[in-house]
Amino acid sequence: MIRSHQSGALRAGDAGTTVTLAGWVARRRDHGGVIFVDLRDASGVVQVVFREDMQVAHALRNEYCVLVTGEVRTRPAGNENPDLPTGAVEVVATALEVLSEAAPLPLPVDDGDAASDDVRYRYRYLDLRRSGPHKAMKLRSRANQIARNLLADRDFVEVETPTLTRSTPEGARDFLVPVRLQPGTWYALPQSPQLFKQLLMVGGLERYYQIARCYRDEGFRADRQPEFTQLDIEMSFVTQDDIIELGEAIVRALWSDLAGHEITADIPKLTWHDALARYGSDKPDLRYSVELTELTDYLRGTEFRVFAGAIDAGGYVGAVVMPGGAAQTRKELDGWQDWAKARGARGLAYVVLDAETGEPKGPVAKNLTAEHLGGLADAVGAKPGDAVFFAASTERREAQELLGAARIEIAKRAKLVDESAWSFCWVVDAPMFEPTDPDAGGTGGGAKGWTAVHHPFTSPNREWIDRFEESPGEALAYAYDIVCNGNEIGGGSVRIHRGDVQRRVFDILGIGAEDAADKFGFLLEAFKYGPPPHAGIAFGWDRICMLLSGADSIREVIAFPKTGGGFDPLTGAPTPITAQQRAEAGVDGKPKTASESGAKA
RNA sequence: GGUCCUGUGGAGCAGUUGGAGUGCUCGCCGCCCUGUCAAGGCGGAGGUCGCGGGUUCAAGUCCCGUCAGGACCGCCA
């Protein structure tokens, strides 16, 4: 080591010690006769004093990398800085070596206002010198360590699975990699290690985990990047409850250590259907209590066409209450219409209850009978001064999700969210299937299809395993998600381990035997040889680290993140390739053996 | 694929009704300064107003297109 101590570790007890420090010039305060330099390394900052005999420090600039030798002294009385951990001491320099100079900085490296995201990520190596990003990287490392320790204590085996693998249709779009040695054929980057971890169970490992990079070529968001990380877990000979117990243990350990938050009781469970019915979301934010009310029966017989149309078609009408919402201006109420339209809804019907009299008012009120209006407040649990928003649709889930989105927006606008709170829940009993493309229903009379809510390897629960064909839309799965403050932070399922059940599920999904063999043949083959019952879970590691670090984007907990367009501002990736690279990569080659699936019709 | 917001010296912003590249904070360069810690004082440099087109006597400002970043919808088994 070229240094003797870490800058941030120096304390009053070190006074009198001669130290050699290495780090960066965080700030220089040049008084002419005496120069103060805040020297920063990974451990923190300490003040270095250069006296008249050390005027070389005059040439130092921000972010020069320097080596300083000097004596630690307690600061003169009255000059301590209580804001710094090292504020009781300073280092009086006797030697200075500039290890490397720094050009004028393209962004501020101090902890004041941050630059915009694209500048920060273009110069991420400078951004990472700031304390916030630095802490986020350390937090993530610590989170990995906590998970590894806990899983090692429980005899889990950490296994790496391939990142150059087979394209598995269904689900998200794959990133594809051309194969030079077999022109015209492509690897896919894994969307998750799902199939491999199931094969590891067949392989008898019983307890597997991996901090796994996953790749999905879909739209990117604040909480979605083209490559992201899961803490991926799979176990044999377990039930859903065993996975939930393990998941809670991991979450409990993470939040205890990294957020100082103790999860004492069991994390509450609610069913997928309850979550939709009460919160209009399969990842409800339980930090606030606003709930939806179904009004389908209450409003049955109404002549208001918007509601009657949904009710008569066997659909759903519901409402959500905005506490104090009656105080909104006409402009604000109109704003909700724009908000709803931006989400693809026709609008958001509402009734406001007069703050004095409780009298229902608003455009929709004119369309409802006195009877319906009279009992409305009680039916939805509204008080005078509240606003009631309605949604109606022939598709229950569609209306519920609109109200769920309104619920979130209400909480935001009415400031109902306790930002310091942590609220966890499990959402269990998810349906096995949902109809494909519900919007297209009714046209052409084409066959109604089903798609897996979770994934095609999810087991129906005991109640449905022998008869899910009877009513695919109602069949429930052993599938579970863990939710924190309205973010899905993990999810998993009990897997199908019986070939016959798997084939029946594929049948419902419209995946024929030939198709299944082509896409997942290797898994079905494996399942011929004594596959153990198994179940697993995967945690969205970036999201968890984001929540624990208080960030509002997973980019903050990724060392070198990409922009929403999948662009890396630092390296400039992706880039075009040269003609020679293209020729060598085999991009344009034709597969040698044209299998049925590969050949064009 | 769609909607909305943003784009002005190195960074963060302001810029009114269309009237001179105008302003603020920080940074940068030079000088002064012996106890600061967001040091202070004086002086200075630094601009294709994202890009292209249009309207106009005149565009940072209005219109159209486009690019980039962000948020959201679709999508994400």
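Below, chains carry the letters A, B, ... as their sequence lines are ordered, and counting in each starts from 1.
By the side-chain contact (heavy atoms from CB on, under 4.5 Å) test, A:V453 pairs with A:P431, A:E434, sequence neighbours left out. For A:D481, there are no salt bridge (Lys or Arg N to Asp or Glu O under 4.0 Å) partners two or more places apart in sequence or in a different chain.
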Report, as a single string ordered 5' to 3', how protein heavy atoms within less than 4.0 Å touch nucleotides 42-47 of chain B: B base, S sugar-phosphate only, - not at all. ------

Give the B/S/- string for nucleotides 3-11 of chain B, one per nucleotide from 5' to 3', where a protein heavy atom under 4.0 Å of the base yields B, of only the sugar-phosphate yields S, and otherwise -. -------SS

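Residue contacts for A:R343: at a heavy-atom cut-off of 4.0 Å it reaches the sugar-phosphate backbone alone, with no base atom in range. A:E80 comes within contact range of at least one nucleobase, with a heavy-atom separation under 4.0 Å. Here A:R75 lies in heavy-atom contact (under 4.0 Å) with a base.
For the pair A:G78 and A:D110, both in contact range of RNA chain B, the more 5′-proximal nearest nucleotide belongs to A:D110. Residue order along RNA chain B, read from the 5' end via each residue's closest nucleotide, puts A:G564 first among A:G564 and A:V453.
When distances run from any side-chain atom of A:T563 to the nucleotides B:G69, B:G27, B:C37, the shortest one goes to B:G69. Closest approach to the A:E52 side chain among B:C28, B:U34, B:G74 is made by B:U34 (side chain taken as heavy atoms from C-beta onward). Closest to the A:D118 side chain, of the nucleotides B:G69, B:G30, B:C75, is B:G69.
The residues A:E234 and A:K197 are annotated as salt-bridged, a charged nitrogen and a carboxylate oxygen being separated by less than 4.0 angstrom. We find that A:D507 and A:R503 are not joined by a salt bridge, their nearest charged nitrogen and carboxylate oxygen being 4.0 Å or further apart.
Within residues 471-487 of chain A, no residue has a heavy atom under 4.0 Å from RNA chain B.
Annotation: salt bridge (charged side-chain N to carboxylate O under 4.0 Å, His left out) contacts involving residues 537-547 of chain A, sequence neighbours excluded, comprise A:R140-A:D542, A:D223-A:R543.
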